[in-house]
Number of protein chains: 2
Amino acid sequence: MISLDADSSPTPEELPPEIDGLRMTKQRREVFSVVLAERDHPTANDVFSRSQKRMPTISLATVYNCLEALVSHGLVRQVNFEREPSRYCPNLSDHCHFQDEKTGTIHDVVFKEGVNLADFLELPQGTEVSHLEISLKGRIGSN
Amino acid sequence: MISLDADSSPTPEELPPEIDGLRMTKQRREVFSVVLAERDHPTANDVFSRSQKRMPTISLATVYNCLEALVSHGLVRQVNFEREPSRYCPNLSDHCHFQDEKTGTIHDVVFKEGVNLADFLELPQGTEVSHLEISLKGRIGSN
DNA sequence: CTTCGAATTAGAATAATTCCAATTATTGCT
DNA sequence: AGCAATAATTGGAATTATTCTAATTCGAAG
């Protein structure tokens, strides 16, 4: 089990050759490290341009491929707000997202201790939830 | 205040000339009645082809315009699942959506009596939530 | 009945994402 | 090491939902 520290984010070189059965190629390492570095919920395009700094030859298609690989292996979460471009989030703990309408900034929002779905939703019996996305929009404080 | 019965959905002709300050043109009536008729969360395209049956001259752009008008006036809700095309829902009561992964069908899911956001989310103080979307995916019972 | 703003229309444009076919890299043999 | 098989990357084209544009039509108000 690989422990990726939340505070000091790894450079691509520091990432192991394989995580959770996903082969970490040079590009995937680059993309992953970009997502880990700034936890500002970048779009694929953001990731692309940041990756290009260290790896000028990487292509946008590859960034999409890498993000898709990371997401499907559960290393990164894909975050959607209405019809905006998808964003990517390395925070794997159970949480949801709040978007400041003024700035567009996205903040992680955690659930209160010990709450779970069935507690607040009238789910039809026998439903097995595989995926949950909660997206909030609004204003913060004095803005 | 106009009461739109949940069970017997109005034909376009039965809709008043104005709702909540929104002028109900022929097309808006048509689109609205289509969304009200089958509560199956149709996409804009679905609405378009259903509308064409009664109104062969309606255009897709108009359907988008009408849906946008209805949504922004709070008469219809726009429902998003990841990056799928938006769907439209005439159920204005507080609820969220569950998509059956097997069939793609979307079901309304209501909140349990008396729950509210602040009860289960650790919202930063001073946040004012203007929009909330909860989307679930999974399987139902024996499927 | 005319005017004027709003709504509708067809089609072009946009933008995020996916697809494709060709190249390149990596792995696992022997 | 050498080589086949497999997987990943690449650039560019294609796709697709949605939005935009400019021209036309509608409808309410005077």
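Below, all heavy atoms of this structure are taken into account, side chains as well, without hydrogens, waters or symmetry copies. Numbered from 1 within each chain, the chains take letters A, B, ... in sequence-line order. Since we're looking at a predicted model, the values are computed, not measured.
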Open item on the list: Less than 4.0 angstrom from a charged side-chain N to a carboxylate O is my criterion; do A/Arg77 and A/Asp108 meet it?
Closed with: no
- [ ] Using a strict cut-off of less than 4.0 Å between a Lys/Arg side-chain nitrogen and an Asp/Glu carboxylate oxygen, indicate whether A/Arg139 and A/Glu101 qualify as a salt bridge.
- [x] yes
Open item on the list: Through direct or indirect side-chain contacts below 4.5 angstrom among Ile, Leu, Val, Met, Phe, Trp and Tyr, which residues connect to A/Val110?
Closed with: none
Open item on the list: Who clusters with A/Leu92? Use side-chain heavy atoms, under 4.5 angstrom, across I, L, V, M, F, W and Y, and order the result by chain and number.
Closed with: none
Open item on the list: Whole angstroms only, please: what is the CZ-C1' distance between B/Arg23 and D/dA28?
Closed with: 7 Å
Open item on the list: Can you measure A/Phe32 atom CZ to D/dA8 atom P for me and round it to whole angstrom units?
Closed with: 17 Å
Open item on the list: Distance under 4.0 Å to a non-hydrogen atom of chain A counts as contact; along DNA chain C, which nucleotides mark the start and end?
Closed with: C/dA16 to C/dT26
Return a table of donor-acceptor pairs under 3.5 angstrom between the side chains of residues 120-127 of chain B and protein atoms on other chains or two or more places apart.
from     : atom 1 : to       : atom 2 : distance (Å)
B/Thr127 : OG1    : B/Pro124 : O      : 2.9

TODO: For B/Lys112, look at atom NZ and say whether over 12 heavy atoms of other residues, nucleotides or ligands are found less than 6.0 Å away.
DONE: yes
Open item on the list: Can you confirm whether A/Glu13 is buried at CD, in the sense that more than 12 heavy atoms of other residues, nucleotides or ligands lie under 6.0 Å from that atom?
Closed with: yes
Task: End-to-end axis angle, where each axis spans five pairs of the helix from C/dC1-D/dG30 to C/dT30-D/dA1, to 10° - done: 30°
Nucleotide N/O to protein N/O under 3.5 Å, stretch nucleotides 10-14 of chain D:
from   : atom 1 : to      : atom 2 : distance (Å)
D/dT10 : OP1    : A/Gln27 : NE2    : 3.4
D/dT10 : OP1    : A/Thr57 : O      : 3.3
D/dT10 : OP2    : A/Ser59 : N      : 3.3
D/dT10 : OP2    : A/Thr62 : OG1    : 2.5

Could I get the full list of side-chain hydrogen bond (donor to acceptor under 3.5 Å, both in side chains) partners for [X], not counting sequence neighbours?
{"X": "B/Thr62", "result": "B/Ser59"}
{"X": "B/Gln52", "result": "none"}
{"X": "B/Asn65", "result": "none"}

Task: Residues in contact with DNA chain D, drawn from residues 81-90 of chain A - heavy-atom cutoff 4.0 Å - done: A/Arg83
TODO: Please list, chain by chain and in numerical order, all residues satisfying side chain to side chain contact (heavy atoms under 4.5 Å, CB included) with A/Glu68, sequence neighbours excluded.
DONE: A/Ser72
Task: Test ring-ring contact (aromatic ring centres under 6.0 Å, His included) applied to A/His97 - qualifying residues, sequence neighbours left out - done: A/His41, A/His95
Task: Close side-chain approach of B/Asp20 to B/Leu75, heavy-atom, < 4.5 Å - done: yes
